[in-house]
K.L.:
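This structure is in structure tokens; I'll ask about it shortly.
Chain identifiers are assigned alphabetically (A, B, ...) following the order of the sequence lines, protein sequences preceding nucleic acid strands; residue numbering begins at 1 within each chain. Computed from a prediction, not measured in an experiment: that's the story for all the values here.
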There are 4 protein chains.
Amino acid sequence: MSDALQIRKAPRQRRAVHTVDALLEAAAQVLEADGLEGFNTNAVARRAGASIGTLYQYFPSKDALTLALLLREDQAFHEAASATLTLPTCREALAAFIVVCARQQLNRPQLALLLDQQEDRPDFRAALHGKFRFRALLIAILSKAGAPAHLQDDQRKDLAAADLLALMRGMTDSAGGRGERDADDLAHRIGAAAFGYLDAAPRQM
Amino acid sequence: MSDALQIRKAPRQRRAVHTVDALLEAAAQVLEADGLEGFNTNAVARRAGASIGTLYQYFPSKDALTLALLLREDQAFHEAASATLTLPTCREALAAFIVVCARQQLNRPQLALLLDQQEDRPDFRAALHGKFRFRALLIAILSKAGAPAHLQDDQRKDLAAADLLALMRGMTDSAGGRGERDADDLAHRIGAAAFGYLDAAPRQM
Amino acid sequence: MSDALQIRKAPRQRRAVHTVDALLEAAAQVLEADGLEGFNTNAVARRAGASIGTLYQYFPSKDALTLALLLREDQAFHEAASATLTLPTCREALAAFIVVCARQQLNRPQLALLLDQQEDRPDFRAALHGKFRFRALLIAILSKAGAPAHLQDDQRKDLAAADLLALMRGMTDSAGGRGERDADDLAHRIGAAAFGYLDAAPRQM
Amino acid sequence: MSDALQIRKAPRQRRAVHTVDALLEAAAQVLEADGLEGFNTNAVARRAGASIGTLYQYFPSKDALTLALLLREDQAFHEAASATLTLPTCREALAAFIVVCARQQLNRPQLALLLDQQEDRPDFRAALHGKFRFRALLIAILSKAGAPAHLQDDQRKDLAAADLLALMRGMTDSAGGRGERDADDLAHRIGAAAFGYLDAAPRQM
DNA sequence: TATGAATGAGTGTTCATTCAT
DNA sequence: AATGAATGAACACTCATTCAT
């Protein structure tokens with residue numbers, strides 16, 4: 001279980017690097033085109049123009065392939081999202097973060113949706129810092145100057161980060177599914193909900 | 001495609017009604033316990049104490065079974081949600097609607113999550129008025145007295161309904177996945193985001 | 001691992017019983033004809049005139065099938081061997097035991113040889129009392145009247161039983177491989193070695 | 001069939017000799033560590049620190065590798081066994097022969113067991129004089145002074161050699177499998193059976 | 001000469017679905 | 001109406017072997 005999700009061997013020759021790339025891109029395309037039910041290793045290999053044996057030389061299992069795709073897709077996304085941390089205030093950073101997320105999602109919406117669902121699988125959760133890295137990012141943003149007073153508490157901050165992430169994910173997935181293409185408009189609407197969430201008074205219990 | 005998703009025959013005898021109920025409840029339990037990957041017709045029949053042949057007498061395909069389960073789960077939910085239409089103002093109705101959704105989701109969170117995902121399948125979308133019924137409901141709520149002025153436009157109302165639904169779904173699924181149990185607290189947080197969304201000024205383009 | 005080797009479901013209808021029998025006999029024939037390397041589930045199903053799905057309805061894995069075959073082959077053999085316990089003296093019982101073994105082995109020599117090898121697999125050892133039942137039998141025989149004095153010690157008895165079993169197995173497998181057909185002659189030669197073994201003075205250390 | 005089992009090319013350079021040795025030793029280790037089911041060419045090459053291509057430069061097939069290993073393991077063994085021919089009497093030579101066998105087997109028991117089984121494969125039998133060489137040796141021993149009178153007949157001598165070899169193989173494999181380490185004690189027990197076999201009167205038919 | 005990337009037939013196994021009883 | 005035996009296409013994965021570099 002531990003190494004069953006790791007890449008099997010690092011490609012050394014240039015040809016091999018190209019093959020791995022082709023396999024990952026093929027995986028993305030199959031997932032987009034045929035959904036989870038059409039996502040099988042034979043189809044991925046075929047679309048990559050590789051043999052099934054080649055696929056398994058680099059990925060020890062179907063799950064390892066999926067995970068590698070997840071990581072690849074999160075890569076650039078996470079870097080862009082991290083850059084928002086340089087902004088001084090909570091509101092600025094959050095707004096920028098939302099824009100980054102919306103753009104990412106509308107880029108390849110079908111793919112993003114399916115990968116979002118895969119990220120929730122417990123075995124992936126374990127092998128992945130991804131989701132949690134995004135949450136950590138959001139927590140850092142909520143710790144910046146100008147954050148609502150009631151978010152001083154770490155526990156509340158944690159919950160707020162989870163809520164905001166979920167809200168964003170829900171809205172972006174839905175927008176992607178409906179074929180929206182204007183990321184900035186989507187970001188604006190998400191921002192409305194997110195800032196509404198932050199500015200609301202906490203519930204009195 | 002036309003009848004492949006319809007129930008095969010209406011159960012006439014009381015015993016048959018009971019069998020169908022048992023099959024649906026078994027389907028729900030298998031889905032909750034073993035997830036999508038453990039959800040297969042043999043397992044459902046076994047858990048229902050019925051034979052696989054019996055299952056196929058009432059459901060012409062696995063998809064028909066899934067769809068029937070979806071409808072069953074939406075039934076009570078939809079009724080409770082409809083009741084909120086009796087409330088006079090938009091804010092009251094929306095608040096009540098959110099409470100209903102949160103309670104529904106936290107009732108059987110795992111099941112609700114998986115069914116939410118199934119609802120997105122294109123073939124189900126087509127055969128299902130469900131999702132759209134909820135959207136229609138929400139549109140009706142947004143047409144009540146006290147709704148933001150910028151939602152006069154039908155197209156904007158449509159978009160807002162989709163956004164709010166997505167936002168709620170994202171937050172409830174996430175809360176359910178984290179094991180939250182306090183539906184009213186969850187509803188309060190969702191409300192914060194939802195009303196924030198509604199009260200925000202529309203984007204100037 | 002625990003139930004992966006057990007039969008999956010007991011056949012209820014007469015047709016099913018027949019199918020299971022056919023599968024086991026097909027397994028035996030494939031093993032005899034094509035050896036371990038030709039022994040695969042598809043070949044077994046094909047020879048049984050069944051589909052691969054049917055095979056897996058009764059045997060949850062290839063190993064379960066192999067194990068079931070092992071048990072089937074040991075069944076009659078073990079019963080006949082047990083009957084030798086009714087004989088009064090150690091020498092009579094052992095002689096009879098050897099005859100039973102020789103006959104069993106020369107009956108389907110190729111099959112017996114391959115099954116002997118399978119019996120040594122650790123996972124089968126665990127799931128099987130078989131081999132040990134034979135050893136227990138032999139130990140009981142060595143405890144009868146007329147057994148050599150130096151076999152009073154339980155540990156020595158144990159070792160002697162293992163040695164005799166191994167000796168018999170080696171000689172019968174070899175005879176079977178060479179195509180011998182005269183079980184009584186083989187038994188006579190085995191007896192010579194076995195009684196020589198028993199009558200020899202233990203080593204002075 | 002003719003050259004598929006032969007070594008592909010004799011290693012000329014010293015480096016190549018070393019490579020072949022490393023491959024054979026790696027084969028032995030893989031066989032010991034992981035059994036027949038873990039014994040594959042990729043694993044052997046990896047353990048030898050060579051590439052799969054290199055392996056196939058020296059061994060045209062997996063079987064050729066196995067066969068070469070068999071020959072290597074028999075080499076020293078056969079030489080030691082041959083030396084017993086210098087002893088004058090049948091009993092002395094046989095006793096010495098047994099000791100040599102026991103020591104060989106307990107040296108690397110797991111390996112010896114698996115190679116014993118491979119030796120029985122028909123295609124190996126054909127390509128191998130090994131087994132028969134040992135039988136020839138034993139026949140020579142049985143022709144020495146002091147051999148039982150009833151072994152004058154060549155056919156009987158042949159059968160006795162086969163029986164004794166099988167008996168020894170059975171007992172040594174079993175002892176090795178049980179983890180025995182005292183080769184001399186094992187040899188003593190084998191001797192008891194072997195001499196018992198020789199001294200017994202032939203069966204009257 | 002050595003490498004390791006690539007191949008693809010083959011194997012174990014699952015599961016939706018049918019149909020004789 | 002209910003059963004459960006049977007089917008077989010489909011899929012994950014392995015491994016002996018080849019060949020361009």
K.L.:
Which residues pass the side-chain contact (heavy atoms from CB on, under 4.5 Å) test with A/A127, not counting sequence neighbours?
P.N.:
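So A/A127 forms a side-chain contact (heavy atoms from CB on, under 4.5 Å) with A/L5, A/L67.
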
K.L.:
So which one's nearest nucleotide on DNA chain E is more toward 5', A/G49 or C/D63?
P.N.:
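Nearest nucleotide further toward 5': that of A/G49.
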
K.L.:
Identify, between B/L55 and C/R15, the residue whose nearest nucleotide on DNA chain F lies closer to the 5' end.
P.N.:
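Whichever sits nearer the 5' end wins; that is B/L55.
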
K.L.:
Using the rule given for side chain to side chain contact (heavy atoms under 4.5 Å, CB included), can you reason through A/E73 versus A/L69, listing the C-alpha separation, both sets of side-chain angles and the distance that settles it, and then say yes or no?
P.N.:
CA-CA 6 Å; A/E73 293 299 306; A/L69 180 57; 4.2 Å; yes

K.L.:
Please lay out, stage by stage, how D/F39 and D/D34 fare under the test side chain to side chain contact (heavy atoms under 4.5 Å, CB included).
P.N.:
CA-CA 7 Å; D/F39 180 62; D/D34 306 329; over 6 Å; no

K.L.:
For nucleotides 14-16 of chain E, list the nitrogen or oxygen atoms of the protein found under 3.5 Å from its nitrogen or oxygen atoms, one pair per line.
P.N.:
unit_1, atom_1, unit_2, atom_2, d
E/dA16, OP1, B/K62, NZ, 2.9
E/dA16, OP2, B/T41, N, 2.8
E/dA16, OP2, B/T41, OG1, 2.9
E/dA16, N7, B/N42, ND2, 3.4

K.L.:
Is any side-chain heavy atom of D/R46 closer than 4.5 Å to one of D/V30?
P.N.:
no

K.L.:
Separation of A/L23 atom CG from E/dT7 atom C1', in whole Å?
P.N.:
13 Å

K.L.:
With a 4.0 Å cutoff (strictly under), does any side-chain N or O of C/S51 reach OP1 or OP2 of F/dT7?
P.N.:
yes

K.L.:
Figure out the CG/C1' separation between C/D34 and E/dT11, and round it to whole Å.
P.N.:
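One finds 15 Å between C1' of E/dT11 and CG of C/D34, rounded.
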
K.L.:
Applying side-chain hydrogen bond (donor to acceptor under 3.5 Å, both in side chains), can you list everything that pairs with B/D63, at least two apart in sequence or on another chain?
P.N.:
B/R121

K.L.:
Taking the side chain as everything from C-beta on, heavy atoms only, tell me whether A/L65 gets closer than 4.5 Å to A/L24.
P.N.:
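With C-beta onward as the side chain, the pair touches.
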
K.L.:
Looking for any heavy atom pair under 4.0 Å, which part of the strands does A/F59 touch: base, sugar-phosphate only, or nothing?
P.N.:
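Touches nothing.
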
K.L.:
Report yes if a side-chain nitrogen or oxygen of D/Y58 is closer than 4.0 Å to either non-bridging phosphate oxygen (OP1 or OP2) of E/dT1; otherwise report no.
P.N.:
no

K.L.:
With sequence neighbours left out, write down each residue that passes side-chain hydrogen bond (donor to acceptor under 3.5 Å, both in side chains) with D/T54, or none if nothing qualifies.
P.N.:
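For D/T54 the side-chain hydrogen bond (donor to acceptor under 3.5 Å, both in side chains) partners, ignoring immediate neighbours, are D/S51.
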
K.L.:
Taking side-chain contact (heavy atoms from CB on, under 4.5 Å) as the definition, give me every residue that meets it alongside B/D21, ordered by chain and number, with sequence neighbours left out.
P.N.:
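Only B/V17 meet the side-chain contact (heavy atoms from CB on, under 4.5 Å) criterion with B/D21.
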
K.L.:
Map every base of DNA chain E to its dot-bracket character, where paired means a Watson-Crick or G-U wobble contact with both distances under 3.5 Å and | marks a partner outside the strand.
P.N.:
.||||||||||||||||||||

